[in-house]
**Student:** 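Quick one: this structure, given as structure tokens, is what I'll be asking you about.
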Amino acid sequence: MSRAVFPGTFDPPTNGHLDIIARAAVAFDEVIVAAGVNQSKKRLFSVEERLEMLTAITEPFGNVRIGTFEGLLVDYCRAEQAQVIVKGLRAGGDYDYELQMAQMNRKMSGVDTLFLPTAPENAYISSSLVKEIARLGGPVEDFLPPIVHQRLLGTL
Ligand SMILES: O=C(O)c1ccc2[nH]nc(Br)c2c1
């Protein structure tokens, strides 16, 4: 059984994230969408809220489940018996850092990383930019699943 972990902060989950999840769900028997928990970082949405949104937007996929991890991602992957980490690559800016992390993770644990090029229409989307635009009253409905958009407007 092939199992992949798609890690992220998902604060909030975007259409870019959802596209990667959908494509990974086709490629693997099971996908775990794992929200990173870092107590020292202030997030707009709580862990519980992020898990609720992730659960709602991944409900249509029968082979996707939601989890959280603290500490090393590769420790989580081993604990969940996941063979690979899936990451989206948006543009050149992601590449250097993601390559370094992938090589370090493989060195530490043997867990490999598979990169999926984000869909061009999502390549410029990030959770932080969406929050910034929304805080300034700009339109972000095109970048978010509807339920996430509703939650974001309700939170800001
Ligand atoms: O939303 C972000 O911050 C973010 C970052 C990095 C990313 N790589 N692939 C995707 Br989809 C993606 C999203």
Side-chain angles (χ1 to χ4, degrees), residues 3-28 30-61 63-70 72-74 76-77 82 84-106 111-136 138-156:
R3 180 175 293 126
V5 171
F6 177 46
T9 306
F10 306 114
D11 184 42
T14 69
N15 286 343
H17 294 128
L18 187 55
D19 177 62
I20 297 296
I21 294 167
R23 290 156 63 189
V26 170
F28 296 95
E30 184 180 54
V31 176
I32 305 172
V33 179
V37 177
N38 183 333
Q39 305 295 358
S40 65
K41 287 198 175 178
K42 181 79 180 83
R43 305 291 182 199
L44 177 63
F45 290 102
S46 67
V47 175
E48 293 73 20
E49 289 172 315
R50 285 181 274 149
L51 295 180
E52 285 169 10
M53 289 186 281
L54 286 168
T55 301
I57 66 175
T58 60
E59 187 273 329
F61 307 114
N63 64 331
V64 175
R65 61 182 165 95
I66 312 300
T68 62
F69 71 97
E70 292 187 66
L72 283 175
L73 174 59
V74 289
Y76 179 79
C77 292
V84 298
I85 296 163
V86 170
K87 286 287 190 80
L89 281 184
R90 294 171 302 178
D94 287 342
Y95 180 76
D96 288 343
Y97 173 77
E98 292 296 350
L99 176 64
Q100 183 182 22
M101 287 306 299
Q103 290 169 329
M104 180 62 76
N105 284 335
R106 187 164 185 265
V111 177
D112 236 332
T113 300
L114 296 181
F115 293 116
L116 291 177
T118 51
E121 61 269 23
N122 298 328
Y124 57 94
I125 300 173
S126 74
S127 298
S128 53
L129 184 54
V130 166
K131 287 181 289 187
E132 187 176 347
I133 292 169
R135 285 191 182 106
L136 295 170
V140 293
E141 63 271 15
D142 290 347
F143 312 131
L144 301 170
I147 187 174
V148 175
H149 182 241
Q150 291 158 16
R151 293 282 292 254
L152 180 60
L153 295 186
T155 296
L156 289 179

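Below, all heavy atoms of this structure are taken into account, side chains as well, without hydrogens, waters or symmetry copies. Position 1 is the first residue of the sequence; numbering continues from there. We count ligands from 1, going down the list as the structure has it; atoms in each ligand are counted the same way. Please read all numbers here as calculations on a predicted model, not as lab measurements.
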**Student:** Using a threshold of 4.0 angstrom between heavy atoms of the protein and any atom of ligand 1, which residues qualify?
**Tutor:** G16, H17, I20, G88, R90, D94, T118, S126, S127

**Student:** Is R106 salt-bridged to D112, cutoff N-O under 4.0 Å?
**Tutor:**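 Yes.
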
**Student:** Which of these, K131, K41, R43, sits in a side-chain hydrogen bond (donor to acceptor under 3.5 Å, both in side chains) with D11?
**Tutor:**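 Single pass found, and it is K131.
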
**Student:** Output every pair passing side chain to side chain donor-acceptor pair (under 3.5 Å) with a member in residues 146-156, not counting sequence neighbours, ordered by first then second residue.
**Tutor:**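 Listed once each, the pairs are E52-R151.
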
**Student:** Parallel, tilted or perpendicular: which fits the ring planes of F10 and H17, with parallel below 30° and perpendicular above 60°?
**Tutor:** perpendicular

**Student:** Answer with yes or no after comparing the ring centroid distance for Y95 and F115 against a 6.0 Å cut-off, counting only values under it.
**Tutor:**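 They do not qualify: ring centres at least 6.0 Å apart.
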
**Student:** Hey, does P7 have a side-chain heavy atom less than 4.5 Å from the side chain of I85?
**Tutor:** yes

